[in-house]
Amino acid sequence: QVQLVESGGGLVQAGGSLRLSCAASGRTSSANTMGWFRQAPGKEREFVAAIRWSGGSTYYGDSVKGRFTISRDSAKNTVYLQMNSLKPEDTAVYYCAYDRSITTSYSAEAYDYWGQGTQVTVSS
């Protein structure tokens, strides 16, 4: 089992920044991927970013490229999502997710464990 705890959400004005954190505990492995997804009311869960635990390769959704940065601190088993130049359309609940497989997926169905989510609200 893997437990994920997100933090760092909140209310910010358009153009502002926030940093989300996701602390992983339990049976983690360096051969896996951790990712961020988001879900706005009435919309499907959307891929935001992912990072390979070993090697640190990163992947981004088209809507956040150039504005968001995913990173990890292996010693703390923590993944971060730095969000800059935030827009009202970034408003959503952001979820941290963990994929046990050796490949990296952009699909929510591929991820095995999920955090409880943290609300990000961007005002115009």
Side-chain angles (χ1 to χ4, degrees):
Q1 286 285 348
V2 175
Q3 294 78 41
L4 304 173
V5 178
E6 302 108 331
S7 61
L11 173 64
V12 64
Q13 288 189 334
S17 299
L18 280 175
R19 189 176 81 156
L20 306 182
S21 300
C22 175
S25 61
R27 302 185 65 177
T28 60
S29 166
S30 63
N32 300 127
T33 299
M34 288 188 69
W36 288 95
F37 288 76
R38 65 187 183 186
Q39 190 165 19
K43 295 188 176 181
E44 293 187 352
R45 194 162 292 192
E46 176 189 13
F47 173 80
V48 175
I51 186 166
R52 294 288 299 176
W53 207 249
S54 178
S57 296
T58 57
Y59 310 83
Y60 295 95
D62 289 341
S63 61
V64 306
K65 282 180 182 177
R67 300 188 298 123
F68 291 11
T69 302
I70 190 170
S71 62
R72 77 199 190 296
D73 184 332
S74 300
K76 295 182 178 180
N77 265 359
T78 298
V79 171
Y80 304 97
L81 185 69
Q82 178 66 43
M83 305 184 295
N84 298 329
S85 301
L86 282 161
K87 305 174 182 179
E89 51 263 44
D90 293 318
T91 296
V93 177
Y94 283 70
Y95 296 92
C96 177
Y98 181 94
D99 181 1
R100 295 178 298 181
S101 69
I102 60 173
T103 58
T104 298
S105 175
Y106 291 65
S107 172
E109 287 71 23
Y111 288 74
D112 304 290
Y113 301 100
W114 292 83
Q116 79 285 357
T118 185
Q119 176 71 46
V120 171
T121 303
V122 184
S123 63
S124 58

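Bear in mind that the values here come from a model prediction, so they are computed numbers and not experimental data. The figures here come from the full heavy-atom set of this structure, side chains too, leaving out hydrogens, waters and symmetry mates. Residue numbers count from 1 along this sequence.
- Taking OG from Ser124 and CD from Gln13, the interatomic distance works out to 9.5 Å, rounded to the nearest 0.5 Å.
- Every residue two or more places apart in sequence or in another chain was checked for a salt bridge (charged side-chain N to carboxylate O under 4.0 Å, His left out) with Glu89, and none qualifies.
- Judged purely by atom type and a 3.5 angstrom limit, Tyr60 has no side-chain atom pairing as donor or acceptor with the backbone of Arg67.
- Taking every heavy atom of both residues into account, Gln119 and Thr121 meet most closely at NE2-OG1, 3.3 Å.
- If you run side chain to side chain contact (heavy atoms under 4.5 Å, CB included) between Leu18 and each of Val12, Asp90, Leu11, only Val12 comes through.
- Tyr98 OH to Asn77 CG: the interatomic distance, rounded to the nearest 0.5 Å, is 8.5 Å.
- Checked against salt bridge (charged side-chain N to carboxylate O under 4.0 Å, His left out), Asp112 has the following partners two or more places apart in sequence or in another chain: Arg100.
- At a threshold of 4.0 Å, the pair Asp62-Lys65 counts as salt-bridged, since one of the basic side-chain nitrogens sits closer than that to a carboxylate oxygen.
- Note: Ile102 CD1 to Arg52 CZ = 7.5 Å, rounded to the nearest 0.5 Å.
- Contacts classified as side chain to side chain donor-acceptor pair (under 3.5 Å) and involving residues 14-24 (residues at least two apart or in different chains) are given here: Ser17-Asn84.
- Between the side chain of Glu6 and the main chain of Cys96, a donor-acceptor pair closer than 3.5 Å is present.
- Interatomic distance, Ile51 CD1 to Asn32 CG, rounded to the nearest 0.5 Å: 13.0 Å.
- A donor-acceptor pair under 3.5 Å is absent between the side-chain atoms of Arg45 and the main chain of Ser107, judged by distance alone.
- Between the Thr91 side chain and the Val122 main chain, a donor and an acceptor come within less than 3.5 Å of each other.
- Take Ser57 and apply the side chain to side chain donor-acceptor pair (under 3.5 Å) test, not counting sequence neighbours, and it matches no residue.
- Two residues are said to be in side-chain contact when any heavy atoms from C-beta on lie closer than 4.5 Å; Trp36 and Cys22 meet this criterion.
- For Arg72, there are no side chain to side chain donor-acceptor pair (under 3.5 Å) partners at least two apart in sequence or on another chain.
- Within the hydrophobic cluster formed by Ile, Leu, Val, Met, Phe, Trp and Tyr side chains joined at under 4.5 Å, directly or through other members, Val93 is accompanied by Phe37, Phe47, Tyr59, Tyr95, Tyr106, Tyr111, Trp114.
- Listed here is the closest heavy atom pair of Arg38 and Ser63: NH2-OG, 3.2 Å.
- Shown here for Leu81 and Ala49, the closest heavy-atom pair between the two residues is CD1-CB, 4.1 Å.
- Atom OH in Tyr80 sits 12.0 Å away from atom CG in Leu20 (nearest 0.5 Å).
- Atom CD of Gln116 has more than 12 heavy atoms from other residues, nucleotides or ligands within 6.0 Å.
- At a threshold of 4.5 Å between non-hydrogen side-chain atoms, the residues Thr104 and Asp99 do not count as touching.
- The shortest distance between side-chain heavy atoms of Leu4 and Met34 falls below 4.5 Å.
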